[in-house]
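Just so it is clear, the model here is predicted, and its values are computed rather than measured.
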Amino acid sequence: MNQDTPAGHDDESIDFAVPTISVVVPVGGVDEDLDEQLTALAAQDFDRPWELVLSVNRSGVATDPRVTAPPLHPYAGLRVIDSSAVRGAAHARNAGAAAANSDPARVLRRRRSGRTGLAHSAIVTALDASEVVGGHLDEEQLSPAGQERWRPPATPGELPSYLGHRYPVSANMGARRSAFQKVGGFPEGLTRCEDIAFGWALADAGVELAYAPDAVVHYRHRPGLWTMIRQHHYYGIGMTEVIERQGLPGGETPSGMLAANRQAVTKRSAIHLMRRAAIATGRVRGLVQERLRQRRR
């Protein structure tokens with residue numbers, strides 16, 4: 001399905017065929033979080049034509065009225081594509097970026113937790129000088145109260161890094177088409193951490209990353225301790241997959257297979273230790289799975 005919908009706009013001077021930027025939102029389902037996110041996108045302070053690309057990654061969803069007729073920004077056109085043939089956020093983002101009409105493509109990750117609060121103008125300005133830009137994640141406005149110290153900040157005043165190498169968080173980033181295509185987009189088939197793999201591939205390709213602190217997404221963490229522990233366990237699996245399949249930028253060798261990232265935390269606690277343990281067990285599980293996969297090959 002490929003639907004262009006600049007309907008509802010009275011200003012004929014707006015050229016929707018040449019959008020300034022494309023915002024790609026993977027859609028895995030239709031719920032209140034998606035409604036909230038699309039409403040926030042419609043309320044952006046931006047005065048140039050842009051397109052919203054909804055990459056629908058689940059069958060039966062592409063015809064839902066909340067997807068085909070969402071609230072639209074006055075300068076936005078809508079494109080809905082069906083990316084459900086291959087499940088996964090990475091594939092949905094890649095398919096959405098491939099369908100985008102603009103050169104700069106802004107890629108957002110969409111999951112049940114939801115994300116809202118996007119600043120187009122800051123990303124567009126940053127992309128004038130850089131090929132790939134990561135924005136800031138505000139983790140307080142939408143996240144459950146009391147969980148502020150459970151994890152390190154996703155964007156600690158700069159782009160995050162893993163084992164000393166920076167990457168843009170896929171929940172809030174922008175890329176020029178040339179840079180995105182240079183590395184083939186987000187790697188598909190990983191359990192998690194596609195954004196780390198994407199950032200490391202960019203580094204190997206000689207693409208500089210920039211940080212745009214004024215490009216803000218309000219990031220909603222999933223509620224509950226067990227949910228966070230499970231999520232970080234899968235992060236650990238993904239980290240191992242990236243290291244085993246792709247390696248560190250520049251062919252660098254990690255100092256120990258299970259080397260810690262040494263992220264700063266505001267306060268060490270039992271929850272902090274549980275989160276670190278979840279990552280470590282995921283790293284071990286990922287290593288075992290990768291070794292078995294390599295033997296089968």
Side-chain angles (χ1 to χ4, degrees), residues 19-24 26 53 55 88-109 119-137 153-215 217 235 238-257 259 261-263 290:
T20 302
I21 194 169
S22 300
V23 178
V24 178
V53 181
S55 181
H91 174 74
R93 290 192 293 267
N94 291 342
N101 281 324
S102 69
D103 174 23
R106 178 149 196 186
V107 182
L108 302 180
R109 180 166 57 185
H120 287 354
S121 56
I123 278 285
V124 171
T125 299
L127 284 171
D128 286 338
S130 304
E131 292 183 90
V132 178
V133 177
H136 176 71
L137 298 185
T155 49
E158 58 183 353
L159 290 181
S161 64
Y162 179 53
L163 299 181
H165 298 280
R166 300 161 76 235
Y167 62 92
V169 181
S170 56
N172 182 17
M173 58 155 285
R176 289 203 166 272
R177 185 181 300 277
S178 57
F180 195 82
Q181 292 178 338
K182 186 180 292 186
V183 298
F186 288 93
E188 301 181 17
L190 296 172
T191 300
R192 297 287 190 280
C193 302
E194 299 98 335
D195 42 9
I196 294 177
F198 178 69
W200 288 7
L202 291 169
D204 277 333
V207 177
E208 292 291 331
L209 304 178
Y211 176 59
D214 295 334
V217 161
Y235 284 159
M239 291 170 185
T240 294
E241 290 173 345
V242 173
I243 293 172
E244 287 289 296
R245 299 180 191 183
Q246 181 172 323
L248 272 65
E252 180 183 329
T253 302
S255 56
M257 183 58 223
N261 199 32
R262 298 180 181 176
Q263 293 172 290
E290 285 301 296

Closest non-hydrogen atom pair between Ala212 and Val133, with its separation:
CB-CG1, 3.5 Å
Below 4.5 Å, heavy atoms only, C-beta onward: do Phe198 and Ser170 meet side chain to side chain?
no
Taking side chain as C-beta onward, heavy atoms only, is Leu163 less than 4.5 Å from Ile243?
yes
Is there a side-chain contact between Asn94 and Phe180 in this structure, where contact means two heavy atoms from C-beta onward sitting under 4.5 Å apart?
yes
Is it true that a side-chain atom of Thr155 and a backbone atom of Leu137 form a donor plus acceptor pair closer than 3.5 Å?
yes
Within the 4.5 Å heavy-atom criterion, are His91 and Phe186 side-chain neighbours or not?
no
Describe, in one word, how the ring planes of Tyr162 and Trp200 are oriented to each other, choosing from parallel (under 30°), tilted (30 to 60°) and perpendicular (over 60°).
parallel
Backbone of Leu127 reached by a side-chain donor or acceptor of Arg176 within 3.5 Å:
yes
Please report the closest heavy-atom contact between Val24 and Ala97, naming both atoms and the distance.
CG2-N, 3.9 Å
Roughly how far apart are His165 NE2 and Glu252 CD, rounded to 0.5 Å?
3.5 Å
Measure the CG-CG distance between Asp204 and Leu248 for me, rounded to the nearest 0.5 Å.
9.0 Å
Ala205 and Lys182 have their tightest heavy-atom pair at CB-CD, 3.7 Å
Between atom CZ of Arg192 and atom CE of Met239, what is the distance when rounded to the nearest 0.5 Å?
11.5 Å
Heavy atoms of Ala92 and Ser55 approach each other most closely as O-OG, 2.8 Å
Looking at Glu194 and Pro187, what are the two nearest heavy atoms and their distance?
CG-O, 3.5 Å
Can a donor-acceptor pair be found between the side chains of Glu241 and Thr191 at a distance below 3.5 Å?
yes
Gap separating the CG atom of Asp195 from the CG atom of Leu190, nearest 0.5 angstrom:
10.0 Å
Please identify each residue that fulfils salt bridge (Lys or Arg N to Asp or Glu O under 4.0 Å) with Glu290, with sequence neighbours left out.
Arg245, Arg293
Kindly say whether Val207 contributes a backbone atom to a donor-acceptor pair with the side chain of Glu131 at under 3.5 angstrom?
no
Please check this pair: side chain of Arg177 against backbone of Ala100, looking for a donor-acceptor N/O pair closer than 3.5 Å.
yes
Taking all non-hydrogen atoms of both residues into account, name the closest pair between Leu159 and Gly134 and its distance.
CD2-CA, 3.6 Å
